[in-house]
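A quick write-up on the structure given underneath.
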Number of protein chains: 2
Amino acid sequence: MPELSDQRRYAEDAAVVLSGLGLPPAYGKLLGWLLICDPPGQTSAQLSAALGLSKGSVSTGMRMLESSGLARRVPVPGHRGHAYEVRPDAVIRIAADASKFRVFRELMERGLKVVGGDDAPGTERLRMMRDFYAFIEDEMPRLVERFEAEYGAKGDHDG
Amino acid sequence: MPELSDQRRYAEDAAVVLSGLGLPPAYGKLLGWLLICDPPGQTSAQLSAALGLSKGSVSTGMRMLESSGLARRVPVPGHRGHAYEVRPDAVIRIAADASKFRVFRELMERGLKVVGGDDAPGTERLRMMRDFYAFIEDEMPRLVERFEAEYGAKGDHDG
DNA sequence: TCGTGTGTTCAGAACTTACTGAACATTCGA
DNA sequence: TCGAATGTTCAGTAAGTTCTGAACACACGA
């Protein structure tokens, strides 16, 4: 281990956290780095050098970050390619992403079909769980709105 | 593939969903099966036979489910060992588990230390994200309470 | 106390996944 | 249109994870 900078170490730590959620380490490294790097926009070459990842890994990883809406490309004047930066609302997107809840709700829904009728032992619990996930799915956007209102009022920020 | 029953297939599907969150397939299979099986309490031997898992895998997997509070042991009269069943509030525990949010908040907190001062490019965004996670962490228990109140009122359920 | 039915642990095998590196594609400036 | 810089894809490999199976530990009834 050749003496990691604080920033680089931060990217590594982010990778550990994201791995825990089932995402590839390279994905977490890239996101972590983009959260704290200066300048905020980084080219593939910069990312590759900073994180010790191959061009291929950077390409694939940034593609994932883009398609999940966490990063975007920005043009670089006088440069052939583009740079990447995290979107301002990136982490809100992670949390507010309802698809995670939807998947669970659907699983409960399917469970109800399989469990074997209205008086099967698991029916009541499955109904409750289904309703719970539907509830959260519904309320999450509202919660985000409330946060934005409160936070905007407190500090007065642009998008 | 020797003709899976609907129930068994359901367990397999649950495994896929849980794998997506970074959990071992055996863990998901066990949870999925316990959600829909009849009787609701199952011994190790039953689980092993139903899911085609070794005794070892059942032991390890159920240990995980227990320690994350999703399943519990129940005594079986006239039987040497015990049975396992999912806890009634299992899935609420998954969702309401604040530790996931805390980990992210701490990551943002650490980012602020690394990003390089108050006017570094990422500072503002990191602050917002930190506050956002703190907000969710705070509100999640309240949301669960609201669900329980609404749900209890609607259907009148015991624990 | 012993025997039997259960539960646990862990080394190793089997499998899965992520990363690299090189070939290929693309884009832009001249 | 060409050349150079950048981006993408993918086969192969390295690394990591999960599952099994067998040895071991434990608890209960007789």
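Computation of the quantities below employed the complete heavy-atom set of this structure, encompassing side-chain atoms and omitting hydrogens, waters and symmetry-equivalent molecules. Convention: sequence-line order gives letters A, B, ...; per-chain numbering from 1.
Side-chain N/O atoms of A/Lys55 and base N/O atoms of C/dG21 include no donor-acceptor pair closer than 3.5 Å.
Judged by distance alone, the side chain of A/Thr123 and the main-chain N or O of A/Gly117 form a donor-acceptor pair under 3.5 Å. Checking side-chain atoms of A/Ser67 against main-chain N and O of A/Met64 turns up a donor-acceptor pair under 3.5 Å.
Toward the 5' end of DNA chain C, the nearer of the two residues B/Gly81 and A/Gly22, judged by each one's closest nucleotide, is B/Gly81.
In this structure, A/Tyr84 atom OH and D/dT6 atom P are separated by 13 Å, rounded to whole Å. For the pair B/Leu53 CG and C/dT8 P, the computed distance is 15 Å after rounding to whole Å. The nearest whole Å value for the distance from the CD atom in B/Glu66 to the C1' atom in C/dT8 is 12 Å. When the C1' atom of C/dT20 is taken as reference, atom CG of A/Leu51 falls 15 Å away, rounded to whole Å. Rounded to whole Å, the distance from NZ on A/Lys29 to C1' on C/dT20 is 12 Å. Rounded to whole Å, atom C1' of D/dC19 lies 16 Å from atom CG of B/Leu47. At whole-Å resolution of the value, CD in B/Gln42 and P in C/dG7 are 13 Å apart. Rounded to whole angstrom, the span from the CE atom of A/Met64 across to the P atom of D/dT9 amounts to 12 Å.
B/Phe101 is not listed as a side-chain neighbour of B/Arg105, based on a closest heavy-atom distance of 4.5 Å or more. Side-chain contact check for B/Ser44 versus B/Tyr84: some heavy-atom pair is nearer than 4.5 Å.
Across all strands shown, B/Gly56 has heavy atoms under 4.0 Å from base atoms, whether or not it also approaches the sugar-phosphate. Contact annotation for B/Ala26: backbone-only contact, meaning every heavy-atom pair under 4.0 Å involves sugar-phosphate atoms and none involves a base. Backbone-only contact: A/Gly52 has heavy atoms under 4.0 Å from sugar-phosphate atoms and none from a base.
The listed nucleotides are C/dG7, D/dT8, D/dC19; the one nearest the side chain of A/Arg63 is D/dT8. Of the candidates D/dT9, C/dT8, D/dG3, the closest approach to any side-chain atom of A/Arg80 belongs to D/dG3. Listed nucleotides D/dC19, C/dG7, D/dG7 differ in distance to B/Ser44; the shortest reach to its side chain belongs to C/dG7. The side chain of B/Ser59 has C/dT8 as its nearest neighbour among C/dT6, C/dT8, C/dG7. With C/dT20, D/dC19, C/dA18 as the candidates, the nucleotide lying closest to the side chain of B/Pro25 is D/dC19.
Relative orientation of the A/Tyr133 and A/Phe104 rings is parallel, given thresholds of 30° and 60° on the angle between their planes.
Side-chain contact check for A/Ser57 and A/Ser54: at least one donor-acceptor pair (N or O, by modelled atom type) lies under 3.5 Å.
For the OP1/OP2 pair of D/dA5 and a distance below 4.0 Å, the side-chain nitrogens and oxygens of A/His79 include no atom meeting the criterion. At least one side-chain nitrogen or oxygen of A/Ser57 sits closer than 4.0 Å to the OP1 or OP2 atom of C/dT20. Contact annotation: A/His82 reaches the phosphate of D/dG7 (side-chain N/O to OP1 or OP2, under 4.0 Å).
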